[in-house]
Amino acid sequence: MGGAPGQAAVQRPDGISIVVPTLERVELVADLLSSCVVAGARIDRKWEVIIVDSSPEEPAARIQALCDQHGARFVTGPWRAGSKRNLGARLAAYDVVLFVDSDCAAQPDLFAEHLRVYDEQSPDVVAVAGLTEMEGEEGFLWRVLSRSREHNIPFSWPRYFATMHWATTSNFSVRRAEFAAIGGFDEETWTVTGCEDVDLGVRLWQAQGRIVSNDRAIVHHTRGEVTHPFQVMRKLSRHGQADVWLSSKFAHHTELRANPVVIGALAILVGAALSLCTLSPTPVLLGLAVVPLMWIVTLCGRLHRWTGPHRHLEPLSVFIDWALDYGIAKAAIQRRCYRMAMRRFRYYDPQHFHLKPGIDRVPDCVFHAYGAALDSSRSSAAS
């Protein structure tokens, strides 16, 4: 196997290498390693776990001890998540590399289900997207996040799509040769983590490879690490900044989008300037009124489009989701690519996302703010 995706003859993979980037989270790493031992016992091929860590000395020593205990390989790696995954892939011994996040736990058939797809599919299938299910107590914050259009939504996509343009690296495998052929993850991202998985998927498709899903290849992602809304907002802001990086890299794959943070800030600035000129408070008060007006319009649109549980928490989820728009505005200003402040990467493309046979209804929350059209998806599935 080697060369460009789809050119090599199909071979039964000789084994699977699991690559996990880590930064502290010692207890979660212990759970993950234990779950990998169980999953490894279910396959008749070789497997290995490679932990690429950038923790401080004390937690790093504890993680290394866990690796020794479970037969995993421990290596010290760089800071960026994509760079860690690249290092792990370079060290991988087997044909398939499976990326799993450190706050996930492998379900017993995870390895077997990833390998089964490569055994059965055509040569142009170069990657497999597994399903990531949330696990743990669903407290107030997580009920709010269940209404979010930005937080962890792609985790559920393998339930609905047979073919995908990209997938999250919480549970994503790729043929090692094809991964190396496109240079792996981009290590020049603007943030430590965020959107490097989207970039990888787009480049795999550009190299004529296909990404298919398997919702029987499952990891469980803990809710326990997220306990405060500001954690989520910082994460979304970082992803907003990464979105600008992605949009600047694939400008042809972006679309116009009204950024409420940009619009609100401009309205306040214009109002303040007019108030200074006219010596009247009215313009700035009107500018300030734009922010709650946009919040109300956004809220009404979301409530109309998506019913579902916890509707009374929608007002809070709108506010949290605006953290991503703030990140977009921040990066556009810092990087002086101002036009990107009102654009966004088109994450969903019906040409590359195809619904599974028998799926005729996809929850609107699956598409959220990615601008997807359900009719386009259904048309693609029917054709």
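Counting from 1, the numbers follow the sequence of the chain as shown.
- In this structure, His228 and Phe230 have parallel ring planes: the angle between them is below the 30° cut-off, well short of the 60° mark.
- With hydrogens and angles disregarded, a donor-acceptor distance shorter than 3.5 Å links the side chain of Trp142 to the backbone of Arg223.
- Heavy-atom contacts from other residues, nucleotides or ligands closer than 6.0 Å to CD of Glu57 number 12 or fewer.
- To the nearest 0.5 Å, atoms CZ (Arg346) and CZ (Arg257) are separated by 14.5 Å.
- Crowding of Arg339 atom CZ: a count of heavy atoms from other residues, nucleotides or ligands under 6.0 Å not exceeding 12.
- A side-chain N or O of Thr132 and one of Ser170 form a donor-acceptor pair less than 3.5 Å apart.
- Put simply, the side chain of Arg143 gets close to the backbone of Glu138: a donor and an acceptor are under 3.5 Å apart.
- Taking the six-membered ring where tryptophan is involved, the planes of His165 and Trp205 are perpendicular, since the angle between them exceeds 60° and thus also 30°.
- At distances below 3.5 Å, at least one donor-acceptor pair connects side-chain atoms of Glu196 with backbone N or O atoms of Gly194.
- Taking the ring axis of Trp190 as reference, the NZ or CZ atom of Arg335 stays within 45° of it and closer than 6.0 Å to the ring centre.
- The main-chain N or O of Glu113 is found under 3.5 Å from a side-chain atom of Asn214 such that the two form a donor-acceptor pair.
- Atoms CG and CZ, from Leu256 and Arg343 in turn, are 4.5 Å apart once rounded to the nearest 0.5 Å.
- The number of heavy-atom neighbours closer than 6.0 Å to CZ of Arg159, taken from other residues, nucleotides and ligands shown, is 12 or below.
- Within the 3.5 Å criterion, the main-chain N or O of Cys300 finds no donor-acceptor partner in the side chain of His304.
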Intermediate values then yes/no, side chain to side chain donor-acceptor pair (under 3.5 Å), Tyr118 and Asp95: CA-CA 10 Å; Tyr118 294 104; Asp95 292 339; over 6 Å; no
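- The backbone N or O of Ser102 sits nowhere less than 3.5 Å from a side-chain atom of Arg25 that would complete a donor-acceptor pair.
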For residues 44-54, please give each side-chain donor-acceptor pair under 3.5 Å, one per line with the distance, not counting sequence neighbours.
unit_1, atom_1, unit_2, atom_2, d
Asp44, OD1, Arg12, NH2, 3.3
Asp44, OD2, Arg12, NH2, 3.2
Arg45, NH1, Pro13, O, 3.2
Arg45, NH1, Asp119, OD1, 3.1
Arg45, NH1, Asp119, OD2, 3.4
Arg45, NH2, Asp119, OD2, 2.7
Trp47, NE1, Gly40, O, 3.4
Glu48, OE2, Ser17, OG, 2.6
Glu48, OE2, Ala93, N, 2.7
Asp53, OD1, Thr22, OG1, 2.6
Asp53, OD1, Ser55, OG, 2.6
Asp53, OD2, Ser55, N, 2.9
Asp53, OD2, Ser55, OG, 3.2
Ser54, OG, Lys84, NZ, 2.6

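- Between the side chain of Asn259 and the backbone N or O of Ala341 there is at least one donor-acceptor pair closer than 3.5 Å.
- Residue Lys235 holds its NZ atom at 11.0 Å from CG of Leu324, rounded to the nearest 0.5 Å.
- Inspection of the Gln208 and Asp124 side chains reveals no N or O donor paired with an N or O acceptor under 3.5 Å.
- Taking a 6.0 Å sphere around OH of Tyr326, one finds it holds 12 or fewer heavy atoms contributed by other residues, nucleotides or ligands.
- When the shell of 6.0 Å around CZ of Phe319 is examined, it contains 12 or fewer heavy atoms from other residues, nucleotides or ligands.
- Between the side chains of His352 and Thr163, no donor-acceptor pair of N or O atoms lies under 3.5 Å.
- His114 NE2 to Ile18 CD1: the interatomic distance, rounded to the nearest 0.5 Å, is 9.5 Å.
- The distance from the OG atom of Ser156 to the CZ atom of Phe161 is 8.5 Å, given to the nearest 0.5 Å.
- Counting only distance, with no hydrogens or angles, the side chain of Lys249 and the backbone of Val244 share no donor-acceptor pair below 3.5 Å.
- Looking only at distances, a side-chain donor or acceptor of Arg147 sits under 3.5 Å from a matching main-chain atom of Pro309.
- Remark: side-chain polar atoms of Arg238 are not paired, donor with acceptor, to backbone N or O of Thr191 under 3.5 angstrom.
- Taking CD1 of Ile218 as the start and CG of Asn171 as the end, the distance is 9.0 Å to the nearest 0.5 Å.
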Only pairs under 3.5 Å count here: list side-chain donor-acceptor contacts from residues 266-277, not counting sequence neighbours, and write none if there are none.
unit_1, atom_1, unit_2, atom_2, d
Ser275, OG, Gly271, O, 3.1
Ser275, OG, Ser280, O, 2.8
Ser275, OG, Val284, N, 3.0

